[in-house]
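First up is the structure itself, then whatever we jot down about it.
By convention in this document, chain letters (A, B, ...) are assigned in the order of the sequence lines, proteins followed by strands, and residues within each chain are numbered from 1. Keep in mind the model is a prediction, meaning the values are calculated, not measured.
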Number of protein chains: 2
Amino acid sequence: MTDSTLTPERILEAAEEVLRRYGPDKTTVVDVARALGVSHGSVYRHFPSKAALRDAVTERWLLGVSLPLAAVANESISPLTRLRHWFDLLVTTKRRWSQQDPELFATYLALAAESREVVREHVTTLIAQLITILNAGVASGVFYTDDVPTTARALFHATARFHDPVHANHWADPEIDSAYEGVWTLLVRALQPD
Amino acid sequence: MTDSTLTPERILEAAEEVLRRYGPDKTTVVDVARALGVSHGSVYRHFPSKAALRDAVTERWLLGVSLPLAAVANESISPLTRLRHWFDLLVTTKRRWSQQDPELFATYLALAAESREVVREHVTTLIAQLITILNAGVASGVFYTDDVPTTARALFHATARFHDPVHANHWADPEIDSAYEGVWTLLVRALQPD
DNA sequence: ATGATGACAGATATTGAAATTTGTCATCAC
DNA sequence: GTGATGACAAATTTCAATATCTGTCATCAT
């Protein structure tokens, strides 16, 4: 039976399902409760507000991005290859998502825009992964930088056009790949030891 | 008398004034005509559509950005200093604009979002200015790159977070200046001859 | 002849009354 | 006692009627 006890986890699943079906504007707490066969008051027993529920859904989605990236960041391969794989995965994940299901991506975008704090933490997580890769590279002498955290943040910001959803409307441009290569080339040069 | 013959120029001035006052959503061609004391049919004699009028206003605004930058791009100072001044001017212009008059900036943003082609040309213009600076630097040996146009475009994209209006909501963040310095440091390193 | 007008049709936007939603909490069921 | 319920007030959204706007063009004025 699907209707065992009500848990935050089950509510999140239902919320994702409803969001997927109705979009961010038309999804209501009543809809989510209905999908679960409970009253909306019961949902409020597990999430203090609709905003908190939305934040939790956003966090779940962002984990889907950051967990695979964490695996890459900790792979036992050369730091330069690892850095490239990491950015490739970040960029292609976002791009595929935005193109294969634009409506769902728009939903994700709308949620993220309202869950600023959750997104901020996500970005911090990603930059921490970059720090891991940079540290490995500096230790083995293939990267030079006198300030790893600053450089990690700079790499993230310098590539924003290719992974920040606010730029998603450019991800189908024909020049996007060569533009990405151009920035990558520049950044790799910046990391080279003298 | 302000009511001499009706010209595109006078219509543009009136349109800017009305946009400034009412914002992009509530501005109508009828409003613009009223501001000029003419019928809206007369406006259509000079602009084929409301979209064309909007594009022309956008183009005018963007010229306000690109003309001062052109001056910097052609200054007779060291290419590295010139590059830095150019980006500083670009970044501070946008930032001041977005913070001193957020409503007008939002208006500009809304117009630009609908005038894609005009914006595309604006970006091409800016990248051409970067090419000028890079060429000077390569000629005098202070910059290295084997592909000036690609590098110019990469520099523009890598700094998008600090000048692309889609990122304007981060321009008041306290770390924005150090983030900018971080990216700048990286990019300068990438341009250094071996 | 040149340029401005305003009536018009179809498309779009506004408005405010009615319906729905959010979040609370006294009550209910087990 | 624990957890779910649904009635409720306040806030928000929906909807359809009404008004306005866009773009055209036959007509007017100079």
Give each protein N/O atom lying under 3.5 Å from an N/O atom of nucleotides 9-20 of chain C, with the pair distance.
none

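- K50(A) has its NZ atom 8 Å from the C1' atom of dT21(C), to the nearest Å.
- Under a 4.0 Å N-O distance rule, the pair E181(A)/R84(A) qualifies as a salt bridge.
- Nucleic acid contact class of V29(B) (heavy atoms, under 4.0 Å, all strands): sugar-phosphate only.
- Atom CG of L53(A) and atom C1' of dG23(C) are 13 Å apart (whole Å).
- One N or O on the side chain of S78(A) and one on the backbone of T81(A) form a donor-acceptor pair closer than 3.5 Å.
- Grouping the Ile, Leu, Val, Met, Phe, Trp and Tyr side chains by contacts below 4.5 angstrom, directly or via other members, places Y108(B) with L126(B).
- Computed from coordinates, the L36(B) CG to dG6(C) P distance equals 15 Å when rounded to whole Å.
- L104(A) contributes atom CG, which lies 8.5 Å from atom CG of L19(A) (distance to the nearest 0.5 angstrom).
- For D31(A) and dT22(C), the CG to C1' distance is 13 Å, given to the nearest whole Å.
- With salt bridges taken as basic N to acidic carboxylate O contacts below 4.0 Å, none links R10(B) and E13(B).
- Comment: R95(B) engages D177(B) in a salt bridge, judged by a side-chain N to carboxylate O separation of less than 4.0 angstrom.
- Rounding to whole angstrom units, CD1 of residue I11(B) and P of dG3(C) are separated by 13 Å.
- Counting heavy-atom neighbours within 6.0 Å of E175(A) CD, excluding the residue itself, gives a total above 12.
- For D31(A) (side chain) and T28(A) (main-chain N/O), a donor-acceptor pair under 3.5 Å exists by modelled atom type.
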Anything under 3.5 Å between a protein N or O and an N or O of nucleotides 2-5 of chain D, put it in a table, one pair a line.
residue, atom, partner, partner atom, Å
dA4(D), N7, R45(A), NE, 3.4
dA4(D), N7, R45(A), NH2, 3.3
dT5(D), OP2, S39(A), N, 3.0
dT5(D), OP2, S39(A), OG, 3.3
dT5(D), OP2, S42(A), OG, 2.5

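- One can place CZ of R34(B) at 10 Å from P of dT20(D), the figure rounded to the nearest angstrom.
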